[in-house]
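Every chain is numbered from 1 and lettered A, B, ... according to where its sequence line falls, protein lines coming before strand lines. Not measured: the values here are computed from a predicted model.
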Amino acid sequence: MIDIKKIRNSPDIIREGLIARGLPGNTVDSLLTLDSRRRTLLQDTESLKSRRNTVSKEIGQRRKAGDDIGETQRQMREIGDRISGLDREVAEIEKELHEKMVWIPNIPHRSVPRGSNEKDNEVVHAVGESKELSFDPLDHIALGERLGLFDFGRATRMSGSGFPLLIGQGAKLQRALIGFMLDMHVRQHGYTEVWPPALCTSEAMTGTGQLPKLEEDMYRLPEDDLYLIPTGEVPLTNMYREEIIEQPLPIQLTAYTPCFRREAGAAGRNTRGLIRVHQFDKVEMVKFVEPSTSYDELQKLLVDAEDVLRALELPYRVLSLCTADLSFAAAKCFDIELWCPGQDDWLEVSSCSNFEDFQARRAGIRYRTKNGKTDYVHTLNGSGVALPRLVVALLENNQQADGSVRIPDPLIPYMDGCEILRATGETPAKQP
RNA sequence: GGAGGGAUGGCUGAGUGGUCGAAAGCACCGGUCUUGAAAACCGGCGACCUGAAAGGGUCCGGGGGUUCGAAUCCCUCUCCCUCCGCCA
């Protein structure tokens with residue numbers, strides 16, 4: 001949520017921010033109209049309440065003294081009616097204002113490149129080189145089938161299209177990567193490991209900004225009014241929902257979670273294989289920081305995510321998303337994309353975002369400043385990183401001419417010493 | 001799922017329909033004392049909205065009601081605890 005005071009005091013900045021995102025700027029004016037109406041009514045009702053409070057106190061005293069208070073009570077009854085009328089009006093306006101406000105996205109940071117579509121995203125840097133393969137690379141689907149790592153046909157039979165089913169060394173590779181990434185963030189980057197719920201309430205979803213805009217992209221359980229999380233960001237960020245954090249900042253959390261997305265409207269493109277699925281897994285990082293430090297923390301977060309890819313020696317690039325491609329709640333965002341030779345394309349495996357106080361306002365996450373006041377924290381999150389695209393990149397980049405796949409060194413202990421994935425001719429592949 | 005009990009400030013915990021935003025303790029901040037620290041003592045210490053300010057208003061789990069006036073009475077929802085049942 002944007003601070004209504006900020007809209008009130010510098011409407012031009014907000015208007016510009018909305019326009020940069022390709023939205024109509026005049027939304028600001030309808031918000032301002034409601035806001036000023038609200039404050040006018042508030043002053044009316046509050047001055048009546050002030051009078052009621054004083055007179056009610058007097059009534060108490062006069063009754064004790066034995067005075068006749070019948071007439072005063074009658075007057076106060078009338079004032080009470082006027083107050084409830086005004087309060088109702090205020091409540092209506094506040095509801096209307098709130099309903100509008102939850103649809104307003106965050107304002108892009110000034111360093112965000114302006115653009116009208118994803119082509120305007122800026123490449124910040126690229127790391128690692130795509131190995132020149134002396135043979136025609138297979139894609140991960142062909143590789144996985146030959147190696148017996150997964151089985152999409154059987155997955156479809158039990159769950160419909162778009163669900164991964166990993167088997168044998170495929171399942172183990174997934175688990176190895178999760179363990180490897182969590183260990184790295186905990187041991188080297190100073191995050192606290194968390195194992196959160198995978199279902200969250202609509203309040204939590206609103207807090208991080210998934211609702212109301214992304215309602216259609218989420219799985220919902222109507223019986224219980226719960227949603228399956230589309231990202232670990234939701235439970236991790238909501239851990240401090242409606243709290244004044246008294247412990248020192250920053251707080252850094254990491255978690256493995258499954259993620260669920262309906263991908264409504266995404267049918268057709270990339271629906272084969274592991275690239276776009278309804279259920280996937282992710283190691284997520286979330287930070288709660290002091291506002292003045294949040295852009296430094298964003299750089300560190302990005303490096304924490306990049307470390308995973310550097311350790312695995314995978315070629316990647318970092319993009320600074322332009323104003324048009326920025327997600328709803330983000331003020332600034334870096335995407336990390338892996339080069340996948342079998343796709344002949346880049347695949348997004350991480351978004352590292354600074355939400356500034358946008359989520360903190362929605363979720364009521366505050367901290368204690370040095371002078372004892374409360375203020376909203378800044379929240380950040382980034383994937384560190386997303387599976388199973390990491391598996392795709394690993395298979396496609398590390399494939400060898402005979403169709404086997406080399407396991408990167410740091411992962412070998414997590415694979416119980418297995419250095420190369422080889423075809424066994426069996427499905428499911430027998431594990432060594 | 002059934003029965004009973006509870007929800008008060010960062011924490012513990014008093015609270016009679018009016019003088020309660022709320023005792024007390026802890027924690028925290030400032031000061032005195034001390035070479036320094038601890039202890040002791042003194043003082044301060046909730047959040048939010050509104051207002052240029054002075055000030056005003058709201059909040060005792062959420063929502064609704066009774067009343068001139070509600071933390072306190074009534075209804076309802078949620079959550080927590082105990083016991084029983086079921087269960088990985």
Atom-pair distance ([atom1] on [X]; [atom2] on [N]), nearest Å:
| X | N | atom1 | atom2 | answer |
| --- | --- | --- | --- | --- |
| A:I93 | B:rU50 | CD1 | P | 14 Å |
| A:R366 | B:rC49 | CZ | C1' | 12 Å |
| A:M1 | B:rC49 | CE | P | 12 Å |
| A:I4 | B:rG51 | CD1 | P | 12 Å |
| A:E246 | B:rC28 | CD | C1' | 9 Å |
| A:Q247 | B:rC28 | CD | C1' | 15 Å |
| A:E94 | B:rU50 | CD | C1' | 11 Å |
| A:Y376 | B:rA47 | OH | P | 13 Å |

Base versus backbone protein contacts along nucleotides 53-81 of chain B [heavy-atom cut-off under 4.0 Å; B, S, -]: ---BSS---------BS------------
Residues [X], [Y]: salt bridge by 4.0 Å N-O rule:
| X | Y | value |
| --- | --- | --- |
| A:R154 | A:D151 | yes |
| A:R77 | A:D81 | no |
| A:D416 | A:K172 | yes |
| A:D375 | A:R366 | no |
| A:D44 | A:K49 | no |
| A:E419 | A:R406 | no |
| A:K95 | A:E92 | no |

Nucleotide forming a Watson-Crick or wobble pair with [N], both distances under 3.5 Å:
| N | result |
| --- | --- |
| B:rC20 | none |
| B:rU78 | B:rA7 |
| B:rA53 | none |
| B:rA40 | B:rU32 |

Tell me which one of A:M285, A:K332, A:Q359, A:K287 satisfies side-chain contact (heavy atoms from CB on, under 4.5 Å) with A:L380. A:K287
In whole Å, measure the gap between the [atom1] atoms of [N] and [M] for me.
| N | M | atom1 | result |
| --- | --- | --- | --- |
| B:rA71 | B:rU67 | C1' | 16 Å |
| B:rA37 | B:rC73 | P | 50 Å |
| B:rC41 | B:rG55 | P | 33 Å |
| B:rG69 | B:rG65 | C1' | 15 Å |
| B:rG57 | B:rC20 | P | 15 Å |
| B:rC26 | B:rG13 | P | 15 Å |
| B:rA70 | B:rA22 | C1' | 13 Å |
| B:rU16 | B:rU12 | C1' | 23 Å |

Using a heavy-atom cut-off of 4.0 Å across all strands, would you classify A:K5 as base, sugar-phosphate, or nothing? sugar-phosphate
Considering every strand and a 4.0 Å limit on heavy-atom distances, what is the contact class for A:R8: base, sugar-phosphate, or nothing? sugar-phosphate
For A:Q43 and for A:R368, find the nucleotide of RNA chain B with the closest heavy atom, then tell me which residue's nucleotide is more 5'. A:R368
